[in-house]
2 protein chains.
Amino acid sequence: MNQITLQADPSRDLHKDQNREKILQAAATEIHRCGFQAASIANILANTGLTKGALYHYFPSKQILGLAVVDEVIYERLEQKMFTPLNTADRPVDILLEYLQFRQDTMTDESIKLGCPLNNLTQEMSPLDDNFKAHLNQILQTWQTVIENALLKGQTQQQIRADVDCSAAALFIVSAWEGCWGMAKNRQSVEVFQTCLSQLRNYVLNLGSGGK
Amino acid sequence: MNQITLQADPSRDLHKDQNREKILQAAATEIHRCGFQAASIANILANTGLTKGALYHYFPSKQILGLAVVDEVIYERLEQKMFTPLNTADRPVDILLEYLQFRQDTMTDESIKLGCPLNNLTQEMSPLDDNFKAHLNQILQTWQTVIENALLKGQTQQQIRADVDCSAAALFIVSAWEGCWGMAKNRQSVEVFQTCLSQLRNYVLNLGSGGK
DNA sequence: CAACATCCATACCGGTTGGTATCTAACCAC
DNA sequence: GTGGTTAGATACCAACCGGTATGGATGTTG
């Protein structure tokens with residue numbers, strides 16, 4: 001591209017793709033609310049004030065729009081809120097426990113009702129579409145690895161018992177986390193989420209003390 | 001009804017609703033494969049050889065068909081395979097652990113790919129439809145209660161520590177169980193399911209020994 | 001046999017879906 | 001200025017959706 005132009009007016013590109021971003025965010029919201037298959041392109045556009053011309057200019061199909069939501073919205077959020085903090089922490093096990101506590105304390109009815117965006121899409125799309133499966137899988141595997149590394153570091157810091165299988169434990173933590181979301185979403189109860197998550201915290205704490 | 005007729009030819013009623021049952025099973029399969037919203041009535045009928053006339057004769061709407069699947073297919077299966085065995089066992093905690101082991105050992109690729117029928121429907125429909133939510137909720141709560149009672153009985157048998165919150169633990173077991181399904185469904189890997197479920201068994205075992 | 005309910009096939013409907021073809025305005029480099 | 005690219009509005013489409021109305025078999029009952 002023309003580097004001079006970019007440097008001369010860096011805000012242009014931001015402005016240029018402003019509508020793309022609007023569509024992306026509206027799609028993320030609609031997909032979160034209805035699932036991917038039931039998400040209506042007409043609804044997405046109604047929330048942006050744009051029309052199909054704009055959408056199909058940026059995204060050649062609904063599927064590609066959905067994948068963009070996965071990569072650019074869902075992954076980005078997790079990266080900022082979980083992966084980076086855990087990867088850069090001095091005592092990542094503490095951060096993990098704090099994060100569980102934080103989510104337990106700040107969960108809202110609205111979030112519970114809609115459920116975890118990643119989990120929703122995963123459950124719906126993984127068996128149906130290999131592209132979705134691949135993109136969602138990458139996020140879940142990254143997540144698992146981040147937690148596994150946190151536990152491994154915890155082992156060197158005597159926070160986690162040496163006999164713990166950190167890979168399996170990380171897998172279970174991610175699974176159970178999503179399970180807690182799911183249960184709370186069904187019951188539509190913040191309290192259920194809190195109870196459930198505190199049991200998960202017990203599991204993590206047990207990785208560090210007497211238990212089997 | 002006419003009791004004499006029923007006694008005279010008890011097979012008649014079975015035959016009579018044979019097509020209803022066919023539709024119900026085909027619907028369960030289609031819903032398991034595609035989810036409820038994406039389940040196509042045309043597809044369901046194609047797998048039965050029947051037509052819309054038959055379906056709408058037995059089920060006044062797609063929603064009611066879906067609820068019938070929940071009540072008559074999904075619930076029945078759980079009742080037979082889990083609730084009754086746990087409720088009638090002498091040492092229910094043993095049965096619970098055996099059941100986890102059994103599912104871990106006998107899980108198939110096909111089942112993993114499609115995921116847990118109950119969990120799938122729950123995630124999809126609970127936020128969208130209060131009727132589905134109510135019916136699915138009842139199953140989940142029954143399940144939780146069955147496990148809670150098993151744990152309580154385990155406490156009297158010194159299999160579970162006295163300080164364990166059996167209600168919270170039961171909630172977590174159901175949640176984590178569904179979470180394991182979900183994770184394995186995404187990865188489409190029986191091995192992931194096994195790893196994950198063995199961690200859940202560790203959690204249950206920890207309710208009985210030294211932990212926290 | 002006649003009257004009636006049950007069972008189910010057929011044809012059809014309005015609404016919604018994702019997607020496309022066309023066109024216009026704005027902007028860009030030359 | 002002028003030709004070409006980009007952004008996006010509008011109108012339209014075939015396919016599919018769940019659902020309904022009708023009518024014809026097939027018993028079931030008086």
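Here is the naming used below: chain letters follow the sequence lines, and residue numbers restart at 1 for every chain.
Each of D:dG8, D:dT20, C:dA9 was ranked by its minimum atom distance to the side chain of B:Leu50; first place goes to C:dA9. Which of C:dT20, D:dT20, C:dC8 sits closest to the side chain of B:Asn19 comes down to C:dC8. With distances taken from any side-chain atom of B:Ala42 to the nucleotides C:dG19, D:dG19, D:dC17, the minimum falls on D:dC17. Nearest to the side chain of B:Tyr58, among C:dG19, C:dC8, D:dA9, sits C:dC8.
Judged by closest nucleotide on DNA chain C, B:Gly49 is the one of A:Tyr56 and B:Gly49 placed further toward the 5' end. The residue among A:Ile41 and A:Gly53 whose nearest nucleotide of DNA chain C lies closer to the 5′ end is A:Ile41.
Between the P atom of C:dG18 and the CD atom of B:Gln37 lies a distance of 12 Å, rounded to the nearest Å. A:Ile64 places its CD1 atom 15 Å from the P atom of C:dG18, with the value rounded to the nearest Å. B:Lys52 has its NZ atom 10 Å from the C1' atom of C:dC13, to the nearest Å. In this structure, A:Asp17 atom CG and D:dA7 atom C1' are separated by 11 Å, rounded to whole Å. Protein atom CD1 of A:Ile23 is 14 Å distant from nucleotide atom P of C:dG18, rounded to whole Å. Straight-line distance from the CD1 atom of A:Ile44 to the C1' atom of C:dG18: 11 Å, rounded to whole Å. Note: NE2 (A:His57) to P (C:dT22) measures 18 Å, nearest angstrom. Look at CD on A:Gln18: it is 14 Å from C1' on D:dG8, rounded to the nearest Å.
Between the side chains of B:Lys185 and B:Asn120, a donor-acceptor pair is found at a separation under 3.5 Å.
B:Leu55 comes within 4.0 angstrom of nothing in the nucleic acid, heavy atoms only. Using a 4.0 Å heavy-atom distance criterion, B:Ala39 is classed as a sugar-phosphate-only contact.
Under 4.0 Å is where a charged nitrogen must lie from a carboxylate oxygen, and between B:Arg20 and B:Asp17 no such pair does.
Atom CD of B:Gln138 sits in a sparse spot, with 12 or fewer heavy atoms from other residues, nucleotides or ligands closer than 6.0 Å.
A sub-4.0 Å separation between OP1 or OP2 of D:dT10 and a side-chain N or O of A:Thr51 is absent.
A donor-acceptor distance shorter than 3.5 angstrom exists from the side chain of B:Ser198 to the backbone of B:Thr195, with no hydrogens or angles considered.
Because its NZ or CZ atom is not both nearer than 6.0 Å to the ring centre of B:Phe102 and within 45° of the ring axis, B:Lys81 does not count as a cation-pi partner of that residue.
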